[in-house]
There are 2 protein chains.
Amino acid sequence: MVDQSAHASGESLLFLTDEQLRKGIEAMFFAYRGFTADPDRILEERGYGRAHHRAVHFIHRSPATTVNNLLAILGVTKQSLNRVLRTLIEDGLVESKVGTKDKRERHLTLTDKGRELERALSDAQRNRMRDAYRKAGPDAVQGFRQVLVAMMDSDMRRHYLALKDAGQ
Amino acid sequence: MVDQSAHASGESLLFLTDEQLRKGIEAMFFAYRGFTADPDRILEERGYGRAHHRAVHFIHRSPATTVNNLLAILGVTKQSLNRVLRTLIEDGLVESKVGTKDKRERHLTLTDKGRELERALSDAQRNRMRDAYRKAGPDAVQGFRQVLVAMMDSDMRRHYLALKDAGQ
DNA sequence: TTGGAATGTCAACAAGGCTGACTTAAAACG
DNA sequence: CGTTTTAAGTCAGCCTTGTTGACATTCCAA
C-alpha cells in the first residue's frame, strides 16, 4: 500500500509501510495482555473479573460519581454494569448513596475495603507501567501517550481528558 | 509513591509520578477500545467476533501454521480456539491441510475468501493506526512501540519478535 | 400534572473464555 | 515391536461479561 521507498519531507510525512503499521498492531495486541495480566491474577484470587476492576478504578478516580457517568465512561449497558456493581456493594467494596440534590441518582464511593482492592490492583498495574517506561527510556514515554490518545475515539478522548483535568 | 520533586539524573531516572502512571494506564484502556472498534464493526456485520479476527490475523501472518503454534500465540485453550477454527473452516475462510512431514499436524491457511476478510479488517485497523501515528508525529511512533514491547510478558515478547523476524 | 430522565430489576441469550475427560492418529522412543 | 508422547479434535458443562427487551419506581422540570 505505502511505498517503502518514500522519503521523509519535513516531519509531516512518515515512513508508514504496511509492515510498520502491522507491527504496531501486533505490539498493541500483545502489550494489552501484559497490561491486564497482573490485575487479572489478583482479581481471580478474590473472585472478581476485569469488569469489577474497571468499575473500582473509575469509582476511585471520581468519588461520588453517578451510575450514568460510569456507564458513559465504561461504554457498557446498564444491566451489565449493574450486575457488577451489585456484587461490589453486597461485598462491601462500594457504597451507594442516594443523591441529596437529585434523589434519583446514586453516588458511588469506595469503602475502605474497596480502596484496599483498588490499591492492590493499581499498585500492580503501576509497577508494570513504571518498568515499561524505564526500559523504554524517557523519550519514549511522551510518544507512547501521544499515540494512544490519537488512537481513541473522540468520545473516549473526551472522557480521558476530562479525567485528566479532574486529576490536577 | 514516587516523589514529584525528584529530578532527572541522566536518562535512567524518569519523572514517574503515580499520576503520570495512572494517566498511562487510562490511556491504554481507552485506546484499546479505539483500536478494536473498527474491526469489531466489520466482524459484527459478518457474524464473527474478536476471536475470529485474531485467528485470521495470525494465520494470514504465518501461512501454513499449525494449531499448536496458533495456541501458543493466542494464549487460549485448544477447545476455545477449536470452536473458532471450526466455523472459519466450515465457512470456507480457512483451509486445514494434513501435514506431509508430520501427519498429526494440520496446517492452516487462508482461502481467497479468508484473505478478503483479513484485508477488510487489517485495512480498517491500519488506517486507524496510520491516523494515530500522523497525529502524534514521527518522534512519537518510536516511543510508542518501545513502551508496548517493554510492557509485554516475556513469552509474548518472544512471539512478537519471532513474528517480526518472519516478516522481513 | 405529566413527560421524561435516572435507576434498578427480571428474563433470556450469545460470545468466548475455562476445566476435565476421552478418542484418534501418528510420531518418537527404547 | 511395543509403549509412550504428541497433535488434534470433540463432548459436556461451567463462568464472566456482554447484549436486548420489558417493566417498575422515583422524582425533576416544564
Side-chain angles (χ1 to χ4, degrees), chain A residues 29 32-33 36-37 39-59 64-91 94-109, chain B residues 29 32-33 36-37 39-59 64-91 94-109:
Chain A
F29 169 70
Y32 199 78
R33 295 249 292 270
T36 57
D40 281 354
R41 268 188 290 274
I42 295 168
L43 289 161
E44 208 203 345
E45 285 170 11
R46 316 203 185 190
Y48 295 116
R50 265 185 219 178
H52 300 87
H53 183 183
R54 293 195 280 266
V56 164
H57 175 94
F58 286 107
I59 293 172
T65 188
T66 63
V67 173
N68 245 17
N69 182 39
L70 215 47
L71 283 176
I73 288 177
L74 296 176
V76 297
T77 58
K78 171 175 65 161
Q79 294 88 331
S80 204
L81 174 58
N82 199 257
R83 180 166 36 198
V84 167
L85 279 183
R86 206 185 316 155
T87 72
L88 290 174
I89 292 169
E90 279 170 5
D91 294 355
V94 168
E95 196 182 11
S96 171
K97 274 189 181 167
V98 174
T100 49
K101 201 177 156 193
D102 184 336
K103 293 177 187 169
R104 289 168 304 179
E105 293 180 341
R106 306 299 144 96
H107 297 279
L108 305 168
T109 313
Chain B
F29 170 69
Y32 198 78
R33 294 250 292 271
T36 56
D40 281 353
R41 268 188 291 275
I42 294 168
L43 290 160
E44 208 203 343
E45 285 169 11
R46 316 203 186 190
Y48 295 116
R50 265 183 219 179
H52 300 86
H53 183 183
R54 293 194 281 265
V56 164
H57 175 95
F58 287 107
I59 292 171
T65 187
T66 64
V67 173
N68 248 12
N69 183 39
L70 213 46
L71 282 176
I73 288 177
L74 296 176
V76 296
T77 57
K78 174 176 64 162
Q79 294 89 330
S80 208
L81 174 59
N82 199 258
R83 182 164 37 195
V84 167
L85 277 184
R86 206 184 314 155
T87 72
L88 290 174
I89 292 169
E90 279 170 5
D91 295 355
V94 168
E95 197 182 12
S96 172
K97 274 188 182 167
V98 173
T100 48
K101 199 177 159 194
D102 185 336
K103 291 178 189 170
R104 290 171 305 178
E105 294 179 340
R106 306 300 145 93
H107 297 280
L108 305 168
T109 313

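Residue numbers start from 1 in every chain, and the chains themselves are labelled A, B, ... in the order their sequence lines are given, proteins ahead of strands. No hydrogens, no waters, no symmetry mates; every other heavy atom, side chains included, goes into these values.
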| field | Of A:K78 and B:K78, the one whose closest DNA chain D nucleotide lies more 5' | value |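 The answer here is B:K78.
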
**Q.** 5' priority, DNA chain D, between A:G49 and A:R106 [closest heavy atom]
**A.**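 Nearer the 5' end of the strand: A:G49.
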
>> In terms of relative ring orientation, are A:Y32 and B:Y32 parallel, tilted or perpendicular, with 30° and 60° separating the classes?
In response: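 Correct class here is parallel.
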
Requested in this report: Heavy atoms of chain B, cut-off under 4.0 Å: which first and last nucleotide of DNA chain C, 5' to 3', fall inside that, if you could look?
Outcome: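 Terminal contacting nucleotides, 5' to 3': C:dG16 to C:dA27.
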
All pairs passing salt bridge (charged side-chain N to carboxylate O under 4.0 Å, His left out) where residues 67-89 of chain A contributes a residue, at least two apart: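 The answer is none; no pair qualifies.
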
Using the side chain to side chain donor-acceptor pair (under 3.5 Å) definition, which of the options B:R33, B:H53, B:R50 pairs with B:D40?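 Between B:D40 and the candidates, side chain to side chain donor-acceptor pair (under 3.5 Å) is satisfied uniquely by B:R50.
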
Exercise for the section: Tell me what B:G75 touches on the nucleic acid: a base, only sugar-phosphate, or nothing, going by heavy atoms under 4.0 Å. Expected result: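 Result for B:G75 = sugar-phosphate.
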
When we call it a touch if two heavy atoms are under 4.0 Å apart, what does A:H52 touch: a base, just sugar-phosphate, or nothing?
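Touches sugar-phosphate only.
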
* Asked: Just how far is it from atom OG1 of B:T66 to atom NZ of B:K97, taken to the nearest 0.5 Å?
  ->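 Reported to 0.5 Å precision, the distance equals 15.5 Å.
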
From A:E105 atom CD to A:T65 atom OG1, the distance as rounded to the nearest 0.5 Å
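So the CD of A:E105 and the OG1 of A:T65 are separated by 9.5 Å.
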
### Task
Apply the side chain to side chain contact (heavy atoms under 4.5 Å, CB included) test between A:L74 and each candidate in A:L81, A:V84, A:N69; give the one that qualifies.
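Of A:L81, A:V84, A:N69, side chain to side chain contact (heavy atoms under 4.5 Å, CB included) with A:L74 is met by A:L81 alone.
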
If you compare all heavy atoms of A:L88 against all heavy atoms of A:A55, which two are closest, and at what distance to 0.1 Å?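 That closest heavy-atom pairing would be CD1-CB, 4.0 Å.
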
* Cut-off 3.5 Å, side chains only: do B:T87 and B:H52 have a donor facing an acceptor? ->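 A donor-acceptor contact under 3.5 Å links the two side chains.
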
Whichever of A:R83 and A:S96 has its nearest DNA chain C nucleotide further upstream toward 5':
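This one resolves to A:S96.
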
Going 5' to 3' along DNA chain D, which are the first and last nucleotides with any atom under 4.0 Å from a heavy atom of chain B?
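Nucleotide range with atoms under 4.0 Å of chain B: D:dT6 to D:dC11.
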
